[in-house]
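One structure below.
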Amino acid sequence: MAAAEAAVVSSSLGTDTARVPETAGTAAATAATSSATAAAAAVATAARTGSEATASKAALATKLLSLSGVFAVHKPKGPTSAELLNRLKEKLLAEAGMPSPEWAKRKKQTLKIGHGGTLDSAARGVLVVGIGRGTKMLTSMLSGSKRYTAIGELGKATDTLDSTGKVTEEKPYDKITQEDIEGILQKFTGNIMQVPPLYSALKKDGQRLSTLMKRGEIVEAKPARPVTVYSLSLEKFQPPFFTLDVECGGGFYIRSLVSDIGKELSSCANVLELTRTKQGPFTLEEHALPEDKWTIDDIAQSLEHCSSLLPAELALKKSKPEESNEQVLSCEYITLNETKGEEDIIKAS
């Protein structure tokens with residue numbers, strides 16, 4: 001090694017040119033050794049990083065499965081409430097790296113997630129979500145009050161009672177005034193009877209009416225049922241469009257309201273735009289998480305923030321995790337329809 005070093009020094013001084021090839025070979029060997037060392041270090045670093053990443057994912061998965069409570073998300077127009085819930089679930093599981101081989105070795109771990117109160121696919125706004133033991137609190141969300149901003153269109157009726165359906169009737173509206181609309185709103189305020197729309201989540205023989213309608217089957221309208229409207233006001237009127245602010249109880253359909261208003265005015269109407277601005281104590285502006293906030297940490301913070309909004313009787317009690325010998329990871333989705341007590345449960349691993 002001393003000779004090699006001497007050769008290198010000698011070569012650098014220009015006094016022993018005969019040994020230049022040997023010096024170059026030695027330098028190459030040294031470089032190879034350095035490369036091997038660097039590669040080994042890189043492998044060690046990658047292994048350490050991979051180990052840390054695995055530990056980080058495991059910590060996130062543990063945190064995800066520990067989440068319990070009720071929060072709200074901002075549903076955009078387009079997806080159904082169930083589709084949005086599935087999108088939320090997929091983002092959370094992907095962030096936590098679940099399911100994974102590590103989790104397959106553990107006892108049964110169940111992620112429960114559901115929403116309390118369906119929003120039409122064409123509607124946007126607050127969608128209340130329960131996670132963990134919070135899914136048991138969703139029923140209370142159905143009976144609580146909701147607030148909507150609805151834009152109705154006079155002169156057109158559709159089979160779905162909104163702009164997504166086929167036009168079934170057209171009537172003149174040019175003689176309808178703002179005073180005419182304001183004059184009839186009292187008839188739709190308080191405890192009233194309402195016929196639900198045919199395109200709805202209500203069921204017949206275990207199947208949704210909307211599903212039967214899409215198949216072309218003949219469906220009879222459900223009988224009128226009691227509903228409550230706490231407040232109803234006309235915010236804007238620019239024919240043929242009118243904007244309503246509605247606060248109502250559970251089981252109420254804005255589409256039916258707008259359609260009934262059109263009929264009461266000797267015309268017809270359908271819902272052009274619908275936004276749920278509040279559900280229970282959750283508001284669109286303050287509590288509904290947009291999709292870029294659908295992370296484990298953001299939801300954990302939202303759950304903590306929203307826990308103070310719920311009545312004391314709905315406070316979650318701490319309980320021990322259930323023991324099981326099953327070596328699987330499963331997810332359970334709970335979707336509650338607008339009919340109190342009606343529940344759809346879908347499980348997937």
Side-chain angles (χ1 to χ4, degrees), residues 38-76 78-116 126-138 282 287-307 316-336 344-349:
V43 170
T45 300
R48 183 170 62 255
T49 301
S51 178
E52 291 173 352
T54 300
S56 177
K57 289 291 186 182
L60 281 172
T62 299
K63 185 172 184 178
L64 172 60
L65 293 173
S66 71
L67 297 179
S68 276
V70 179
F71 63 102
V73 297
H74 185 168
K75 177 196 172 301
T80 64
S81 297
E83 289 170 346
L84 194 76
L85 196 69
N86 190 57
R87 187 188 302 175
L88 170 63
K89 178 269 305 179
E90 289 177 349
K91 287 176 71 74
L92 293 177
L93 292 182
E95 181 186 356
M98 297 165 61
S100 64
E102 290 76 13
W103 283 97
K105 297 175 185 178
R106 300 194 178 198
K107 293 181 179 180
K108 183 177 180 181
Q109 304 288 339
T110 301
L111 173 65
K112 292 184 179 181
I113 190 168
H115 70 76
V126 178
L127 185 68
V128 174
V129 175
I131 190 168
R133 296 188 303 279
T135 55
K136 297 180 180 180
M137 304 161 62
L138 293 176
F282 302 97
H287 307 110
L289 294 176
E291 189 164 357
D292 61 354
K293 295 288 186 180
W294 293 358
T295 68
I296 296 172
D297 286 339
D298 283 322
I299 290 175
Q301 292 177 13
S302 183
L303 287 170
E304 184 177 354
H305 173 60
C306 293
S307 62
L316 291 171
K317 297 180 180 180
K318 293 183 178 179
S319 61
K320 295 181 181 180
E322 296 180 1
E323 294 293 330
S324 171
N325 293 321
E326 295 183 57
Q327 303 294 312
V328 297
L329 168 68
S330 69
C331 299
E332 182 175 280
Y333 314 83
I334 300 176
T335 303
L336 297 182
D344 294 332
I345 299 179
I346 307 172
K347 294 184 179 181
S349 57

Look only at the side chain of [X] and the backbone of [Y], and say whether a donor-acceptor pair between them is shorter than 3.5 Å.
{"X": "Glu95", "Y": "Leu60", "value": "no"}
{"X": "Glu83", "Y": "Thr80", "value": "yes"}
{"X": "Ser68", "Y": "Gly132", "value": "no"}

Which atom names give the shortest non-hydrogen contact between [X] and [Y], and what distance separates them?
{"X": "Trp294", "Y": "Leu92", "answer": "O-CD2, 4.0 Å"}
{"X": "His74", "Y": "Ala288", "answer": "N-CB, 3.8 Å"}
{"X": "Leu88", "Y": "Ile113", "answer": "CD2-CD1, 3.6 Å"}
{"X": "Leu64", "Y": "Ala96", "answer": "CD2-CB, 4.0 Å"}
{"X": "Ala82", "Y": "His115", "answer": "N-NE2, 4.2 Å"}
{"X": "Leu289", "Y": "Ser302", "answer": "CD1-CB, 4.0 Å"}

### Task
Using only heavy-atom distances, determine whether the side chains of Asn86 and Glu90 contain a donor-acceptor pair under 3.5 Å.
yes

Does any non-hydrogen side-chain atom of [Y] lie less than 4.5 Å from one of [X]?
{"X": "Val70", "Y": "Val128", "result": "yes"}
{"X": "Lys112", "Y": "Arg133", "result": "no"}
{"X": "Ile131", "Y": "Leu111", "result": "yes"}

### Message
Would Glu291 and Val73 count as a side chain to side chain contact (heavy atoms under 4.5 Å, CB included) here? Give the steps.
### Response
CA-CA 8 Å; Glu291 189 164 357; Val73 297; over 6 Å; no

### Query
Is it the case that more than 12 heavy atoms not belonging to Lys293 sit under 6.0 Å from its NZ atom?
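Open.
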
## Note on the structure
Separation between CG (Asp292) and CG (Asp298), nearest 0.5 Å, reads 8.0 Å

### Message
Evaluate Lys75 against Ser81 for side chain to side chain contact (heavy atoms under 4.5 Å, CB included), listing each step before the verdict.
### Response
CA-CA 8 Å; Lys75 177 196 172 301; Ser81 297; 4.2 Å; yes

